[in-house]
Amino acid sequence: MADVEAGQGASAGVVATWRTPLETTALILLGALGFSIVGGIVSAVFTPGASAWRKLTFLGFNVVSIWHVAVLAIAVGLVLALRIPFPPDARGASTVRAALLGAAVLGAVIALSALIASIGAIGDNEAFVGFSWPEKIGNIMQWLGGAAVAGAVALLAVRSQGVVPAPARPAPAPAPPPPVAAPAAAPGAPGWAADPYGRHQWRYWDGNRWTDQVADGSNQSTDPAR
C-alpha cells in the first residue's frame, strides 16, 4: 500500500512538473498547424489557370498532409497523456479545453478537406495525368486515410472535453441576516443604543450603566464595557 501511495505521489510530481510546458507546446503546435492550413487554402484557391475540380483537389492536398495529421495527433496526445490517467483537478483546465477544442476543429477541417479532395480528384479527369488507375486509387486512399485519422482525433478531443474537470469556483458566501431593528434609546431609559465604544452595532443600557450585552445585526454576544 505504501509503495502504491509512493508511486502515486511520484506520478503527481511528474504531472505537476510537466503539465504546463507540454500543454503550452500543444497550443503552439495547434497554432502552427492552423497557420499552415490557412496558407494551403489560400494557395489552392488562388492557383492560376486551374479548373474548379483541380482547385478542390489542390485544396485537399494542401490541407491533408502527413505532418498535419501527425502534429494534430501529437497535440492531443500531449494533453491527454497528463490528464486522463491521473486524478483530475481544475488547474490548467481552461488551457486544456482550448487545446482540445482547437484539435477538434482542426481535425474536422482536415477530414472535410480530404473528402473534398477525393471528390475533386474523381470529378477531374486531368487530376492524375500520367498516373495509372492503381496510383490514382492509392492517392485517394491516402486522402481518405488522413481523413479517418483526423476525424478520429477530433472525436477523441471532443470526448475528452468531458474528462477535463470544470474550473473550481469558490462557493458564494451566504447573505448576511437582515439587521434587527433596535429601538433608539438614549442613556437614561433602559434599552439598546449605539455602542459608544464603537466595537459593535448595539450595546444595552440598563438605565444606570452600559452592560456587556452587545448585538451586531441579529447576532447577540457579550463584550465587556470598557
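Values below: all heavy atoms of this structure, side chains included; hydrogens, waters and symmetry mates excluded.
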Review point. What about L33 and V42, same hydrophobic cluster or not, with Ile/Leu/Val/Met/Phe/Trp/Tyr joined at side-chain heavy-atom distances under 4.5 Å?
Key: yes
Check your understanding: So if you build clusters from Ile, Leu, Val, Met, Phe, Trp, Tyr with side-chain heavy-atom gaps below 4.5 Å, do V38 and V69 land together?
Key -> yes
Practice item. Grab the two heavy atoms, one from G107 and one from A150, that are nearest each other, plus how far apart they are. Key: O-CB, 3.5 Å
Practice item. List in chain and number order the residues that pass salt bridge (Lys or Arg N to Asp or Glu O under 4.0 Å) with D223, two or more places apart in sequence or in another chain; answer none if no residue qualifies. Key: R199, R203
Check your understanding: Is a side-chain donor or acceptor of K55 paired with a backbone partner of A44 at a separation under 3.5 angstrom?
Key -> no
Exercise for review: Can you spot which of V76, L106, I110, V158 makes a side chain to side chain contact (heavy atoms under 4.5 Å, CB included) with V153?
Suggested key: V76
Point to revise | N/O donor-acceptor pair under 3.5 Å between S43 side chain and G39 backbone | key: no
Review point. D206 side chain to P190 main-chain N or O, any donor-acceptor pair under 3.5 Å?
Key: no
Point to revise | Pairwise side-chain contact, V63 with I116, heavy-atom cut-off 4.5 Å (strictly under) | key: no
**Study point:** Verdict with reasoning, Q213 to W192, per side-chain contact (heavy atoms from CB on, under 4.5 Å)
**Key:** CA-CA 9 Å; Q213 300 297 315; W192 292 98; 4.3 Å; yes
Practice item. Give a yes or no answer on whether the side chain of S118 reaches the backbone of A114 with a donor-acceptor pair at less than 3.5 Å. Key: yes
Review point. Shared ILVMFWY cluster between V105 and L155, side chains joined below 4.5 angstrom?
Key: no
**Study point:** Flag, side chain of D212 to backbone of P224, donor-acceptor distance under 3.5 Å
**Key:** no
